[in-house]
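The structure appears right after this line, and notes come after that.
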Amino acid sequence: MKHLVRDRIFAIGDDYWIDDEHGRHAFLVDGKAMRLRDTLEVKDPDGRVLITLRRRMFSVRDAMTIERDGGTLATVRRKRMSLLRNHYRVTLAEGTELDVSGRILDREFAVEYEGELLAHVSRRWLTLRDTYGVDVVREDADAALLIAVAVCVIRMAEKEREDR
């Protein structure tokens, strides 16, 4: 299932909808302003919080946590860098690791588990400027989690670019 994300976003305090491929609102990303940590909530269309994303504003090693029901579901950290591709590692609470690699700032990257594609993020499918798609490939995958991972790595890559 493809989800469409508007790219004008990612400022703290901004809210935006992520639509499904049929144009229906699937998730609301609610940016929480005036917090000590960068915080976003991913909500369903009825306003229920599905996932909370947090990043410490002044941490030594950049990381974001993905939380569900008050507990940490995953931690996202930068893995390594090459000239053209960024790599991030997502460590789930039970120890499973997902790899995120590609051109994050260009919105062209993949989320994989042991070499199997779980989601692909791309601008290529869309004609709308400032929009990218998150294609959740596996039907049994947690779409909210994979969208949260995409939001986290993009946010972290943009912050890293600002800090240079």
Side-chain angles (χ1 to χ4, degrees), residues 1-33 35 38-55 64-76 85-94 96-159 161:
M1 160 96 37
K2 287 184 182 162
H3 294 83
L4 307 178
V5 182
R6 306 265 183 258
D7 220 8
R8 62 166 175 64
I9 42 149
F10 299 132
I12 297 174
D14 283 354
D15 299 344
Y16 58 94
W17 283 100
I18 296 174
D19 296 334
D20 67 16
E21 60 191 325
H22 305 292
R24 294 181 299 244
H25 291 326
F27 301 100
L28 173 68
V29 178
D30 183 0
K32 299 296 181 184
R35 303 252 177 127
D38 189 358
T39 304
L40 299 165
E41 292 178 338
V42 178
K43 299 178 178 181
D44 70 11
D46 295 324
R48 288 184 296 268
V49 176
L50 302 173
I51 290 182
T52 302
L53 312 175
R54 298 184 199 277
R55 183 175 64 69
M64 289 188 78
T65 59
I66 300 172
E67 301 170 4
R68 180 179 279 154
D69 300 327
T72 299
L73 180 61
T75 302
V76 181
R85 302 175 76 79
N86 297 101
H87 296 267
Y88 290 82
R89 169 138 310 139
V90 180
T91 305
L92 301 178
E94 78 276 356
T96 301
E97 292 184 340
L98 308 179
D99 288 310
V100 181
S101 65
R103 296 183 322 273
I104 308 294
L105 294 173
D106 291 335
R107 309 309 190 256
E108 296 292 336
F109 59 94
V111 181
E112 297 178 334
Y113 170 66
E114 294 185 347
E116 180 184 356
L117 182 65
L118 298 178
H120 183 236
V121 176
S122 180
R123 281 191 169 148
R124 278 186 257 162
W125 310 311
L126 306 165
T127 58
L128 295 172
R129 187 173 174 257
D130 299 333
T131 302
Y132 64 91
V134 178
D135 185 9
V136 178
V137 176
R138 284 188 48 166
E139 300 227 356
D140 62 341
D142 185 340
L145 171 63
L146 293 171
I147 288 169
V149 167
V151 170
C152 281
V153 297
I154 290 169
R155 196 167 188 94
M156 290 172 71
E158 287 179 344
K159 173 77 171 109
R161 180 178 61 189

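Everything numeric here is computed off the predicted structure, so don't read it as measured data.
With rounding to the nearest 0.5 Å, the separation of SG in C152 from CZ in R54 is 11.5 Å. To the nearest 0.5 Å, the span separating OH on Y132 from OG on S122 amounts to 11.5 Å. Taking CD1 of I18 as the reference point, atom NZ of K43 lies at 13.5 Å (rounded to 0.5 Å).
Shown here are the ring pair (Phe, Tyr, Trp, His ring centres under 6.0 Å) partners of F27, two or more places apart in sequence or in another chain: H3. Applying the side-chain contact (heavy atoms from CB on, under 4.5 Å) criterion to E94, with sequence neighbours excluded, gives L92, T96.
Between Y113 and E97 the shortest heavy-atom distance is CD1-O, 3.4 Å. Scanning both residues, A119 and L146, for their nearest heavy atoms gives CB-CD1, 4.1 Å. Taking both residues in full, the closest heavy atoms of P45 and A26 are given as CD-O, 3.3 Å, listed atom of the first, atom of the second, then distance. Heavy atoms only, all atoms of each residue included: L50 and A144 are closest at CD1-CB, 4.3 Å. Considering all non-hydrogen atoms of both residues, R138 and L118 come closest at CD-CD2, 3.5 Å.
Ion pairing between a basic and an acidic side chain is recognised when a charged N comes within 4.0 Å of a carboxylate O; R89 and D99 show such pairing.
Counting only heavy atoms from C-beta outward, the side chains of H25 and D19 approach each other to under 4.5 Å. Proximity of E158 to L105: side-chain heavy atoms (C-beta onward) are separated by under 4.5 Å at one or more points. Counting heavy atoms from C-beta on, the side chains of R155 and L53 never come closer than 4.5 Å.
Judged purely by atom type and a 3.5 angstrom limit, E108 uses its side chain to pair as donor or acceptor with the backbone of R123. Under the 3.5 Å distance criterion, the side-chain polar atoms of D46 are left unmatched by any main-chain donor or acceptor of R48.
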Apply side chain to side chain contact (heavy atoms under 4.5 Å, CB included) to Y88 and V149, showing your working. CA-CA 10 Å; Y88 290 82; V149 167; over 6 Å; no
